Amino acid sequence: MRVDRVDVSEGTELAELESLYRMRYVSLVRLARVIVGSDAVGEELAQEAFVRLQGAWGRVEQPDRYVKTILVNLCRTWIERTVRERQHAVATDLIALPTEIDETWQAVQRLPGRYRTVLALRFYDDMTEVEIARILDMRIGTVKSIVHRGLAKLREELA
Amino acid sequence: MNDAELAGQLSQAFREVASRPVADPPSLATLSSTVPVTLLTEHPHRSRPIMVGLLAAAAALIGAVVVRSQSGESRANRPDYSHLRHVALSFIPEGYGLVNAGNFNGDVNEIVSYQSGDHKLELFVARPGSVIFEEISDTTSSTFSARGLPVEVLTDSDPSSPWQYLSWTEHSELTVWMNIPPRVAGEPAFDENELRSLVEGVVLLDDDQWESALQSSGFESSGQRRRKVKALEMNGGPKEISMQLENSLQSGPVWFVTGESSNQGCGAAVVLDQLICEAPSYAFAFTKDRYATIEVDGVPASSTFAHPGYPDLYVIWTSASGARKLVMSGAS
């Protein structure tokens with residue numbers, strides 16, 4: 001995907017971008033990997049988000065929020081694209097966890113993408129439903145419904 | 001296990017996954033020196049020249065698939081078709097034949113993607129019925145409805161003219177999800193031949209071709225990007241519904257959904273001054289934002305359906321109600 005880039009060669013702007021990159025990269029990788037279930041993809045998506053941020057640098061009022069929004073939407077897009085190859089995608093980058101946690105994690109991985117995304121934002125990133133609705137461009141009611149139904153699906157899976 | 005306990009368990013799993021070591025990030029300079037083309041590196045379809053077959057009619061216009069390998073190396077054959085503004089998708093009509101906008105149903109699969117300058121076209125396979133599309137700007141990746149109408153859609157799902165017309169603006173990316181019937185469990189993955197049996201063709205049009213296509217389809221163009229839709233017939237759903245779209249409007253949206261719920265994926269989101277539905281057998285409509293008026297047979301309708309957390313005005317309209325005409329008008 002081609003990204004229009006602005007000139008960030010000026011020292012101040014580049015330093016700000018570098019600073020944000022260093023400060024937020026790891027946390028965004030972690031968020032992405034929780035959503036997509038893959039270390040490698042999580043890293044790639046986080047890097048892509050920063051590339052896009054760089055392209056928009058100077059036009060974005062809240063770079064921190066912007067890059068997170070981009071990341072979450074990249075995760076959603078990635079999940080959507082891999083729905084049919086989900087097993088393949090997971091198999092190439094399997095995350096091994098302790099047994100007692102792995103069962104829950106595997107159940108999460110079997111949920112539809114939008115459920116995984118919303119649940120990760122809610123229960124990993126501790127975002128409020130209002131914040132999730134904003135970042136995912138959903139109605140609050142939809143977010144609430146997904147959280148509720150997502151937990152119900154998980155409960156069924158774990159029963 | 002109650003919700004709180006389950007949420008705690010879920011949170012623990014997430015944090016366990018998140019806590020795994022993260023490799024040192026590449027420098028920002030290194031990062032920006034690589035132009036990502038696409039993110040779906042493992043997708044087995046990506047390296048397949050599916051669209052060469054799909055786009056036989058437009059082979060001269062479209063080049064090769066833009067891909068990015070797992071290692072991050074790009075290989076691209078990018079034809080210059082930056083002058084193109086529109087894509088017309090032709091379907092063999094089946095299923096519901098309506099257009100969904102930003103109504104992602106979670107069952108979508110990528111076929112292939114193309115890029116031209118600021119335009120990116122991606123085709124997906126999903127459930128039967130229609131085209132789902134989404135515009136992603138530099139500032140946000142939003143659903144179609146939340147941004148009003150960043151991508152225009154004109155559709156004519158008359159089975160005798162099964163063309164779905166889309167256009168998208170400059171400096172934006174367009175994602176098109178193209179639906180085909182769901183696969184029966186146990187069958188092999190869809191292949192090119194199957195897709196070709198379902199899709200008659202995908203053609204990229206320049207402006208002249210676009211206008212010509214619009215006119216031949218009964219649509220009129222007004223303004224550079226905003227077009228007046230005189231009439232739009234939507235057939236092929238569980239029931240037949242006719243909508244007359246009087247004018248396009250710059251804000252919205254009005255949602256008009258057939259079936260029992262918007263989650264069934266057989267709906268349409270349109271931006272318009274007024275939407276008139278003539279005697280559908282079944283309709284489920286809701287409105288939000290500036291669209292405050294809904295009349296049924298000339299009488300202002302009150303909400304007939306309350307959905308917790310949804311502030312919209314809902315009107316459920318069935319043949320049993322005897323209503324003959326549903327009009328949704330903009331408040332402004």
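In this text the structure is predicted, and so the values were computed from the model without any measurement. Lettering follows sequence order; numbering is per chain, from 1.
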Is it the side chain or the backbone of [X] that comes within 4.5 Å of chain B heavy atoms, both, or neither?
X        : answer
A/Val34  : both
A/Leu119 : both
A/Asp126 : side chain

Nearest-0.5 Å distance, CD1 of residue A/Ile146 to CG of residue A/Leu136: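 Going from CD1 on A/Ile146 over to CG on A/Leu136, the span is 7.5 Å.
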B/Asp3/A/Arg122 ion pair, N-O < 4.0 Å: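 A/Arg122 and B/Asp3: not salt-bridged.
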A/Lys153 with A/Glu157: basic N within carboxylate O range, under 4.0 Å: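 So A/Lys153 does not pair with A/Glu157 through a salt bridge.
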B/Asn2, CG: over 12 other non-hydrogen atoms inside 6.0 angstrom: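 Buried by this count: over 12 neighbours within 6.0 Å.
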